[in-house]
Amino acid sequence: MIIHDKQNGLFTLHTRSTTYQMKAGPYGVLLHTYYGPRISGGDLSCLIRYADRGFSPNPDEAGADRTYSLDTLPQEFSCAGAGDFRLPALELELPDGSHVADLRYTGCEIRRGKYALEGLPAFFGGEGDADTLAVTLEDRTAQVSVELLYGVFEEYDLITRAVRVTNRGEGPVYLRQISSLCLDFQRADLDFITFDGGHTVERYLHRSPLRPGVQSVGSVRGMSSHQHNPFVILCERDAGEEHGVCYGAMLLYSGNFQAAAERSQFEDTRLTMGIHPFHFRWVLAPGETFTAPEAALVCSPGGFGPMSRQFHRVIRAHLLRDPLAGSPKPVLINSWEAFYASFDTDKLLSLAKEAAALGVELFVLDDGWFVHRDDDTSSLGDWRADERKLPGGLAGLAASLRALGLDFGLWIEPEMVSEDSELYRAHPDWVLCPPGRPHIRGRGQLVLDFTRPEVREHIFQSIRSALAGVDIRYLKWDMNRCLTQVWSPSLPAGRQGEVYHRYVLGVYDLLERFRREWPRVLIEGCAGGGGRFDAGMLYYTPQIWCSDNTDAIDRLHIQYGTSFAYPTCAMGAHVSVSPNEQNGRVTPLETRGTVAMSGAFGYELDVRALSPEEKETVSRQIAAYKDCYGLIHYGDLYRLSPPGADGVPAAWAHVSPDRREALVSVVAGSTRAARPFRTLRLKGLDPALRYRVNGGESCPGDVLMAAGYPLPAPRGDYQSFQLHLIAE
Ligand code: DGJ
């Protein structure tokens, strides 16, 4: 619900459990007055205190009033150059060379339904789902207007924000920094949580108290990155899974980003989230508008659990565009860790036959299928099936798989080119690289200049002809290196600061085209695993390969961190071979299944080599996953016990929305003698119901939650078990 109190210039956004408020205060400066647990109303600007602070300047309108300073007041959208020295959401470079932006309120509009953003990912919602508030600000001297957009999804406690900047003057204006999110708090006793790591160790949770000054995470790699995720949390110091106020903030963007928190000199806090300022300089010609990527906020008055569950629900309902429209995603087998690039049709079909017999439904042919691609040194860009390996082409393979009862899926890496390729030989100028510089390679490959429509068009047409007549249900869109030497011949020297962002827009453009061309094909995102696991990509690819690390124990951490923002159904997760290919760890097949089925489930190993007992286990896993599919994909996630806590097993539960059914998964760490007995207290059940556990004993919900369930003592390392609870 959006309430505009015209008389007092007050905007109050209510969701089910939260309230967000701003006010066009004295002189038209838009002040942020409150964001937190829902309140009945009122003008929260009464909480803002005014004082004459040394070295905090005063705008002209304030005259002799030295207590009014943009440097000390909570701002709704902070600007650089006009007296607020904290983190700016907007920095302009004006035709006269000045870097001053000073915005004043000019008007607003409230609309039913959620705004959309041309060419950018965004939460979507019709009239019954969300409302939009558009607030307009203007810098009259610079002749720049700014539209702040707010989407309010009341039921989900979600508030989205986006910004449009328009040049209304006669000369060019340069955008130097832009963040859709600027959020001020009149307190600084908060913790900052980020999700960090690297390739194969993505999104490990890190938490620390805010210290004075700016702390930030971000990416200048041209992708949202393995190293830091565009999702952060600010929370009360004692906040935990089910208590304490916390604020989750995500950016729907897959390129360079920055999320920064600043604890200021007066013990207040500002959080900004937007495009990373490194090498960003966008030229706005007269009359042009720039739209900044959307940010999305959930405030939870009751800890991380409710925050995550709200993100999961709203992402499932209003961000993912699932081409399978609610029908279960197929259990897949991926050829990568089974064969890498070394296969022929017979090998593929014998793997497929065995997999089909175990209950697998989709066969994904990963890297290595196109001309001369025998390792990762060649052929990217030449999207034609290699007849040595696939004499019947992709269509022939898909038909043979269909005969085995399997759907067909295929790996592609559209953004890249190998120097040893026909494409590169024909168009050496199609890669990102300033003239005269030797190439910097990543995985031996170069990055295509996706800012250019003709490059995207060529890639689209070549993949389209590769897929002509192929019965295909799934595509895996991979990306295996970061951007370097970012320069495009399509833009003059003064506009090279646009290339990083235009690259991302190019990726989104092609993804959207793929979606239109193959509306029933499920596209899984991937960037060397989880290098681009962000809400922007999820808008185009409703699931993303979570990590190249398939070790079940490392995956506990990766999937745990990922779950703070992103739903289970979006995380690609596979059972792979033991000892694990990435870290050599030995884990039981049951445990690998337990962990992988907390995601979009599949296998990635040579199932032909499994023993009869192991094959039986795989069949059971697939049946169990299918049985619990609704719970896992649409249920509410409760994190019961984090991974890594000394000797304590990691545990989590998926609970049906009506709380009548739950799947509890538990994975123990390495074993030792004389282990203490452990009891697991469950969450999210109905205290008034009794639940049958794994078809056997019957336990009251209140007892399971208050007293807990006794866990069996594991014998051996990394044992796991699952409890399937069904209300009687
Ligand atoms: C990186 C991906 O994350 C892997 O799953 C696999 O597809 C390889 N690329 C193939 O080159």
Side-chain angles (χ1 to χ4, degrees), residues 197-203 221 223-227 229 254 332-343 348 351 362-383 385-386 389 408-418 420-421 441-448 463 472 474-482 507 522-534 537-538 541 543-552 554-555 558-559 562 570-577 580-583 592 596 599-606:
H199 180 223
T200 68
V201 284
E202 298 91 340
R203 294 176 297 286
R221 294 168 180 268
M223 60 206 291
S224 51
S225 88
H226 301 87
Q227 287 70 19
N229 195 261
S254 313
L332 66 80
I333 185 154
N334 180 299
S335 64
W336 183 242
E337 286 197 19
F339 301 146
Y340 297 100
S342 157
F343 54 79
L348 294 176
L351 178 67
L362 167 75
F363 185 92
V364 178
L365 177 55
D366 208 280
D367 196 353
W369 61 267
F370 44 101
V371 280
H372 310 304
R373 179 74 167 179
D374 293 330
D375 55 36
D376 62 15
T377 61
S378 81
S379 309
L380 289 169
D382 297 345
W383 300 112
D386 189 335
K389 295 179 184 174
F408 173 57
L410 189 68
W411 176 97
I412 48 173
E413 192 174 1
E415 297 155 73
M416 300 292 157
V417 68
S418 309
D420 182 5
S421 69
R441 298 173 193 87
R443 206 195 191 197
Q445 62 199 48
L446 304 177
V447 184
L448 286 171
I463 293 175
I472 187 159
Y474 164 107
L475 279 170
K476 176 175 171 187
W477 177 306
D478 203 351
M479 189 246 194
N480 280 301
R481 61 157 291 179
C482 307
V507 172
L522 172 67
I523 307 178
E524 174 157 352
C526 176
R532 216 161 44 178
F533 202 120
D534 56 69
M537 281 306 282
L538 283 178
T541 65
Q543 69 187 46
I544 299 177
W545 181 226
C546 213
S547 176
D548 272 350
N549 188 342
T550 55
D551 169 55
D554 284 356
R555 272 292 184 119
I558 294 168
Q559 293 176 199
T562 307
M571 296 183 213
H574 300 168
V575 172
S576 65
V577 76
N580 180 265
E581 296 273 293
Q582 286 79 35
N583 64 10
R592 284 176 268 150
F601 185 52
Y603 290 81
E604 188 159 340
L605 75 169
D606 187 350

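For ligands, and for the atoms within them, numbers begin at 1 and follow the listed sequence. Residue numbers run from 1 in the order of the sequence given.
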Trainee: Between atom CG of Leu362 and atom CZ of Phe408, what is the distance when rounded to the nearest 0.5 Å?
Mentor: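 Atom-to-atom, Leu362:CG and Phe408:CZ are 9.5 Å apart.
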Trainee: Should Arg373 and Asp367 count as an ion pair when the cut-off is N to O under 4.0 Å?
Mentor: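 Between Asp367 and Arg373 there is a salt bridge, with a charged N closer than 4.0 Å to a carboxylate O.
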Trainee: What residues come within 4.0 Å of ligand 1, counting heavy atoms only?
Mentor: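 Within 4.0 Å of ligand 1, the protein residues are Trp336, Asp366, Asp367, Trp411, Arg443, Lys476, Asp478, Asn480, Cys526, Gly528, Gly529, Trp545, Asp548.
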Trainee: Does NZ or CZ of Arg555 come closer than 6.0 Å to the centre of the six-membered ring of Trp545, within 45° of the ring's axis?
Mentor: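 Cation-pi check for Arg555 and Trp545: passes.
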Trainee: Could you walk me through whether Asn480 and Glu413 pass the side-chain hydrogen bond (donor to acceptor under 3.5 Å, both in side chains) test, one step at a time?
Mentor: CA-CA 8 Å; Asn480 280 301; Glu413 192 174 1; 3.3 Å; yes
Trainee: Between Arg532 and Glu415, does any NZ, NE, NH1 or NH2 come within less than 4.0 Å of an OD or OE carboxylate oxygen?
Mentor: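 Judged by the 4.0 Å cut-off on N to carboxylate O distance, Glu415 and Arg532 do form a salt bridge.
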Trainee: Closer than 4.0 angstrom, basic N to acidic O: yes or no for Arg592 and Asp551?
Mentor: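 No, Arg592 and Asp551 are not salt-bridged.
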